[in-house]
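The structure appears below as structure tokens.
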Amino acid sequence: MNLLAILAERSANKVQEKIQPILESFYNEGIDVEERIYYIEPLYYLNYSVDTENIRNYPIDDFINIFKFCIANALCEYIKDIEEPSLIRHIISTDYYYFDVKERLEIYKNSLDILNEENIDIFFQKHGVANAKSKILQHLIDYLNTNTQINLSGFILFRLKDYLLELNETVEKAVEDFLVDKEYNEFIKLLKYFVDIQEAKSDIVNVVFDEEAKFRLYDKHSCLLNNDHISSIAVELAESNINQDDLLISALITLAPKEIFIHNISMLKTSEIIKTLEKIFPDRIHCCNSCEWCTVQINANKE
């Protein structure tokens with residue numbers, strides 16, 4: 001009895017790999033599902049059949065439904081694991097061809113990261129929230145319930161239009177993220193250039209964070225740094241509603257110290273400012289959370 005025929009334009013071996021555990025599972029129950037594969041250009045045909053005498057423990061309709069449900073899961077895994085990366089690469093090469101090879105690769109990686117994050121988010125959300133995988137699986141189940149043959153390429157193109165649209169939106173977001181990162185990195189390079197071309201105004205600057213993640217700057221003699229130029233920057237940035245991170249970066253660029261020691265980093269909510277400073281001042285940043293600066297209150301009379 002013929003059960004199902006799967007038509008694949010490529011990666012027939014990958015389809016086989018996903019289905020093989022299903023065949024082995026049935027074989028362990030004494031049910032030998034026969035697999036036959038042949039190629040008629042441009043398609044690979046994967047045919048599955050079974051001798052009805054081997055499934056006496058199952059009503060025929062029940063066995064067919066169970067088999068197709070298992071195949072639907074396998075094909076869903078195949079689409080997500082094998083076809084999805086290819087679809088993303090196709091979208092990038094078609095719609096974003098004007099980026100160079102290295103940039104397209106970065107966008108591709110960003111796209112996969114976004115999809116992985118979405119899968120994690122769905123995992124921690126309430127029951128009943130459907131992700132792309134569950135939607136694909138339901139489409140496959142519905143289709144196989146009334147068909148004994150499936151063309152994978154045609155199924156993806158015509159039955160998974162919403163899924164393809166979501167992939168396009170994912171790539172679009174990945175491009176936006178890439179451009180934001182590119183602009184950020186170019187800005188960091190510019191700041192680093194400003195630091196590199198100016199002479200250091202201080203050998204050592206100690207950055208001490210308090211419980212509110214606000215900072216103060218001290219020199220190597222533990223004296224508070226509060227010159228007029230830094231004060232004017234603080235006033236200007238405060239009027240522009242610029243945050244503490246931007247103020248710290250501006251102050252350190254002004255001082256251009258040879259070494260920067262950052263204390264009480266545990267007071268920071270995130271490590272982003274540290275990462276940014278390490279890019280602007282490579283080999284100059286030293287982080288600490290347990291030295292005397294971190295554990296002893298700075299003498300008030302030095303302020």
Examine distances only and state if a side-chain atom of [X] and a backbone atom of [Y] form a donor-acceptor pair shorter than 3.5 Å.
{"X": "Arg104", "Y": "Tyr97", "result": "yes"}
{"X": "Asn147", "Y": "Gln149", "result": "no"}
{"X": "Asn65", "Y": "Asp61", "result": "yes"}
{"X": "Ser134", "Y": "Asn131", "result": "yes"}
{"X": "Ser25", "Y": "Pro21", "result": "no"}
{"X": "Lys68", "Y": "Leu144", "result": "yes"}
{"X": "Asp32", "Y": "Tyr27", "result": "no"}
{"X": "Arg284", "Y": "Pro257", "result": "yes"}

Steps toward side-chain contact (heavy atoms from CB on, under 4.5 Å) verdict (Leu268, Ser266) = CA-CA 5 Å; Leu268 299 174; Ser266 61; over 6 Å; no
Atom [atom1] of [X] with >12 non-hydrogen neighbours under 6.0 angstrom:
{"X": "Glu24", "atom1": "CD", "value": "yes"}
{"X": "Asn13", "atom1": "CG", "value": "yes"}
{"X": "His286", "atom1": "NE2", "value": "yes"}

Excluding sequence neighbours, so at least two apart, what forms side-chain hydrogen bond (donor to acceptor under 3.5 Å, both in side chains) with Tyr143?
-> none
Between Tyr184 and Thr276, is a side chain to side chain donor-acceptor pair (under 3.5 Å) present by the stated rule, with each step listed?
-> CA-CA 10 Å; Tyr184 166 78; Thr276 300; 2.9 Å; yes
Tell me yes or no: between the side chains of Asn47 and Tyr38, is some donor less than 3.5 Å from an acceptor?
-> yes
For the atom pair [atom1] ([X]) and [atom2] ([Y]), what is the distance rounded to the nearest 0.5 Å?
{"X": "Leu217", "Y": "Thr254", "atom1": "CG", "atom2": "OG1", "result": "10.0 Å"}
{"X": "Glu34", "Y": "Asn54", "atom1": "CD", "atom2": "CG", "result": "11.0 Å"}
{"X": "Ile141", "Y": "Thr146", "atom1": "CD1", "atom2": "OG1", "result": "12.5 Å"}

Derivation and outcome, ring-ring contact (aromatic ring centres under 6.0 Å, His included), residues Tyr108 and Phe99 = CA-CA 12 Å; Tyr108 171 73; Phe99 289 105; over 10 Å; no
List the steps and the verdict of side-chain contact (heavy atoms from CB on, under 4.5 Å) for Ile262 and Ile260.
-> CA-CA 6 Å; Ile262 302 178; Ile260 302 170; 4.0 Å; yes
Would you indicate whether the side-chain heavy atoms of Phe155 and Leu140 approach each other to under 4.5 Å?
-> yes
May I have the step-by-step check of salt bridge (charged side-chain N to carboxylate O under 4.0 Å, His left out) for Arg159 and Asp142, ending in yes or no?
-> CA-CA 11 Å; Arg159 298 277 180 160; Asp142 292 343; over 6 Å; no
Between Phe178 and Tyr96, does the ring centroid distance fall short of 6.0 Å?
-> no
What salt bridge (charged side-chain N to carboxylate O under 4.0 Å, His left out) pairs are there with at least one residue in residues 250-279, not counting sequence neighbours?
-> Asp203-Lys258, Glu272-Lys275
Flag the pair Lys173 and Asp177 as a salt bridge only when some basic side-chain nitrogen lies within less than 4.0 angstrom of an acidic carboxylate oxygen.
-> yes
Which residue, Lys133, Lys14, Lys18, forms the side chain to side chain donor-acceptor pair (under 3.5 Å) with Glu77?
-> Lys133
If you group Ile, Leu, Val, Met, Phe, Trp and Tyr by side-chain heavy-atom gaps below 4.5 Å, do Tyr45 and Val50 land in one group?
-> no
Is Val171 reachable from Tyr98 through a run of I, L, V, M, F, W or Y residues, each pair having side-chain heavy atoms under 4.5 Å apart?
-> yes
